[in-house]
Amino acid sequence: MNVTVNGVLREFPDGMNALDIAGELDRELKKTALAARVNGTVQDLAKPVPDGSQLEILTADDPDGLRVLRHTASHVLAQAVKTLKPEAKLAIGPAIDNGFYYDFDVDEPFTPEFLAAVEKEMARIIKKNSRLERFELPRAEALELMKDEPYKVELINDLPEGETISFYRQEGFTDLCAGPHLPSTGRIKAFKVLSAAGAYWRGSEKNKMLQRIYATAFASKDALDAYLTRMEEAKKRDHRKLGRQLDLFDIFDEGPGFPFFFPKGMILRNQLEDYWRKIHRKHGYEEIKTPIMLNRQLWERSGHWDHYRENMYTTVIDDTDFAIKPMNCPGGMLVYKRRMWSYRDLPLRCGELGLVHRHELSGALHGLMRVRCFTQDDAHIFMTPEQIRDEIKGVYNLINEVYGVFGFPYHVELSTRPENSIGTDEMWEMATNGLRGALDDLGVNYVVNEGDGAFYGPKIDFHLEDCIGRTWQCGTIQLDMNLPERFDLTYTGPDGEKHRPVMIHRVVFGSIERFIGILTEHFAGAFPLWLSPVQAKIMTITDRADDAARALQQKLEKAGVRTEIDLRNEKIGFKIREARNMKIPYLLVLGDREALRHAARRTRPRLHARRRAHRPHAAGNRNQSALRHQSHI
């Protein structure tokens, strides 16, 4: 048979599987191979490769290969738990970003001691290097096999009639699974059980709370060690801890998912919002504000009532259903409809810092990263079809400029039409081609995520990388031809007739709250000078320098430097340590020498004092020897 391997056409015996083909190509490749991609589909190495196929041998260097390794590790985890606690009922155990998990129904929460025992049992299973065997059963036999596993029975019953019901078996342990998997457990070279937490079955708070074990796995110990080091660093940078330590923000039990911002946090937030307004003015945007609550009719018209209802907070006013907005776009439609527009008026760029509310499950909430109310830095651009590419490129350049200010590298993903979409095939094709064409014009490298677009249009997503290698999805550009249709938006074209505008939804920060959380962790709380809530702190060694400290604070504040003063009767070393813990960029220490200089200036003749008033920075220059700079990271 002829098979194209990594772009090269080669001949192999008929019916050969991917693992044996890897051995024909390179003995070392056979040892490190984890799975195969055949004609674009990831499958087991043991499965025969059809004649004429496109074949890629996947190792841990490929995300799909690493995902297969972690999926197999989740089966090893499940086997270990069932060995130690046979009464545990199995739920699901997928691979996720940076690891995997498995959910179990047990009477008592897992303890740290039990997790240690699980890790030890997993090591035994992996060392034994048991083969993973795939087999399929008819529905009746599958149900009989899983009769003691109620969650597996539910999953089988949910499968469409005629769909293949497959299982994987290793060392006497069998699990319902579509695969693919490693050839044997021994290919998991390094793993770590991380933690346990509660999780609702199928993510619904209406269902039973299960116990979830999180873990991770890699193809080498070095890769695992590097990951665990990053995890330890991430703990130090946890924005929830730093938010309290630096007195920036917090979330209280009285409002789960609803963040509180304190005075210093508001300084940080306002600096970001001021920058947002400045750069949007530069790029031709006008700022608007739309109501936080609108009636049901609007949300039905936009499609949110049918497609997003479970995530919306609703109420009744004067016998009419209302919803607190989960998104800003329907209000933006009404802003456009307030008057008639000509093609000469377009593109129309409207920006909004809009507060939205979304009902998130309590188990999904996480500091500022996942909340129930947040401020989207939204913008909606209305344009003619001919302006699509240029406007998308303009948005891309704006986002690129913003991320450059913060020093974030990023990668781009293009997400296409999902299953629950609205609109015609023609609309989706034009919208998708518009986004793809703009990215191609800009020469941007991007990954295509098939079926991951919004229900109303395709999108471009920006994934930021922070200083310890984690990625965060923030900016997005969504091209929408459906909402202008639903709201009957029009403009007058050159022919004097009415035409339908095309619309872009886009955010840069994503949400102000989440972006602050990301910045807090990225900078470990030591923000760049322009963002720091307190830019300088003046501390005195003796109370004789108090007047000098107050005078210096006044001058710095007048010059626009956000300054605090510490006149407490404490040792200077203690004051400095405390200021460093608060991540203040500049520390200024005043003692007797500065006090004497300040007193001397106050006793000089009035005429001389007036002359010196024309040199406002002179005092600051003489105090440069006392300037202490604290490094940001």
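- The neighbour count for Arg339 CZ, taken as heavy atoms of other residues, nucleotides or ligands under 6.0 Å away, is above 12.
- Taken from OH in Tyr446 to CG in Leu439, the straight-line distance is 6.0 Å, to the nearest 0.5 Å.
- In this structure, Trp530 has its ring center under 6.0 Å from that of Tyr275.
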Can you check salt bridge (Lys or Arg N to Asp or Glu O under 4.0 Å) on Glu352 and Lys325, steps first, answer last?
CA-CA 13 Å; Glu352 178 176 12; Lys325 64 179 180 181; 3.2 Å; yes
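- A cation-pi arrangement is not found for Arg70 relative to Phe100, the charged atom failing to lie both closer than 6.0 Å to the ring centre and inside a 45° cone about the ring normal.
- Between the side chains of Glu497 and His499, no donor-acceptor pair is found at a separation under 3.5 Å.
- Contact of the Phe515 side chain with the Asp377 side chain is not registered, since no non-hydrogen atoms from C-beta on lie closer than 4.5 Å.
- Panel note: side chain Asp306, backbone Gly303; no donor-acceptor pair is recorded below 3.5 Å.
- For the pair Arg500/Asp488, a side-chain contact is recorded, criterion being any heavy-atom separation below 4.5 Å from C-beta on.
- The side-chain heavy atoms of Arg514 and Arg370, taken from C-beta on, include no pair separated by under 4.5 Å.
- Ring geometry for Phe258 against His357 counts as tilted: the plane angle lies between 30° and 60°, on a 0 to 90° scale.
- With contacts defined as side-chain heavy-atom distances shorter than 4.5 Å, the pair Asn328/His380 qualifies.
- With Tyr285 as the aromatic partner, Arg506 meets the cation-pi criteria of under 6.0 angstrom to the ring centre and within 45 degrees of the ring axis.
- Proximity of Gln478 to Asp480: side-chain heavy atoms (C-beta onward) are nowhere separated by under 4.5 Å.
- Listed for the Arg562 side chain is a donor-acceptor partner under 3.5 Å among the backbone atoms of Pro533.
- More than 12 heavy-atom neighbours from other residues, nucleotides or ligands sit within 6.0 angstrom of CD on Glu401.
- Between Asn98 and Tyr227, some side-chain heavy-atom pair lies under the 4.5 Å cut-off.
- For CG of Asp274, the number of neighbouring non-hydrogen atoms (other residues, nucleotides, ligands) closer than 6.0 Å is greater than 12.
- Atoms CG and CD1, on Leu398 and Ile279 in that order, are 5.0 Å from each other to the nearest 0.5 Å.
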Salt bridge (Lys or Arg N to Asp or Glu O under 4.0 Å) between Glu513 and Arg269: does it pass, once the steps are laid out?
CA-CA 8 Å; Glu513 291 77 4; Arg269 183 187 182 106; 3.0 Å; yes
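- In Lys498, the NZ atom is not crowded: 12 or fewer heavy atoms of neighbouring residues, nucleotides or ligands sit closer than 6.0 Å.
- Heavy atoms of other residues, nucleotides or ligands lying less than 6.0 angstrom from CD of Gln297 number 12 at most.
- A side-chain donor-acceptor contact under 3.5 Å links Gln473 to the backbone of Gly475.
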Show your working on salt bridge (Lys or Arg N to Asp or Glu O under 4.0 Å) between Arg67 and Asp64 and close with a plain yes or no.
CA-CA 5 Å; Arg67 194 172 294 112; Asp64 284 336; 2.5 Å; yes
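- Side-chain contact check for His304 versus Cys329: some heavy-atom pair is nearer than 4.5 Å.
- Between Trp472 and Phe509, the gap from one ring centroid to the other reaches at least 6.0 Å.
- Checking Thr41 against Gln43 by side-chain atom types alone, no donor-acceptor pair falls below 3.5 Å.
- Atom-to-atom distance recorded for Asp390:CG and Met383:CE is 10.0 Å, nearest 0.5 angstrom.
- Cation-pi check for Arg309 over Trp305 is met; the charged atom lies under 6.0 angstrom from the ring centroid and within 45 degrees of its normal.
- Between the side chains of Glu287 and His280, not a single donor N or O lies within less than 3.5 Å of an accepting N or O.
- In this structure, Glu557 places its CD atom where more than 12 heavy-atom neighbours from other residues, nucleotides or ligands lie under 6.0 Å away.
- Ring-plane geometry between Tyr410 and Tyr396 is classed as perpendicular, the angle between the planes exceeding 60 degrees on a 0 to 90 degree scale with a lower cut at 30.
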When you look at Tyr491 and Asp345, which way does the side-chain contact (heavy atoms from CB on, under 4.5 Å) test go after all the steps?
CA-CA 9 Å; Tyr491 67 91; Asp345 300 314; over 6 Å; no
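- In this structure, Gln535 contributes its side chain and Ser532 its backbone to no donor-acceptor pair below 3.5 Å.
- Within a 6.0 Å sphere centred on CG of Asn445, other residues, nucleotides and ligands contribute 12 heavy atoms or fewer.
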The test is salt bridge (Lys or Arg N to Asp or Glu O under 4.0 Å); show your working for Arg237 and Asp466 and say whether it passes.
CA-CA 11 Å; Arg237 295 168 176 265; Asp466 68 15; over 6 Å; no
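- Ring orientation note: the planes of Phe249 and His239 are tilted relative to one another, at an angle of 30° to 60°.
- Side-chain contact between Arg372 and Leu365 is present, with at least one heavy-atom pair separated by less than 4.5 Å.
- A distance of 9.0 Å separates CG in Asn295 from CD in Glu300, rounded to the nearest 0.5 Å.
- Taking all atoms of both residues into account, the shortest heavy-atom contact from Gly493 to Tyr343 is C-CD2, 3.4 Å.
- Here Thr424 contributes atom OG1 and Met430 contributes atom CE; the two are 9.0 Å apart, rounded to the nearest 0.5 Å.
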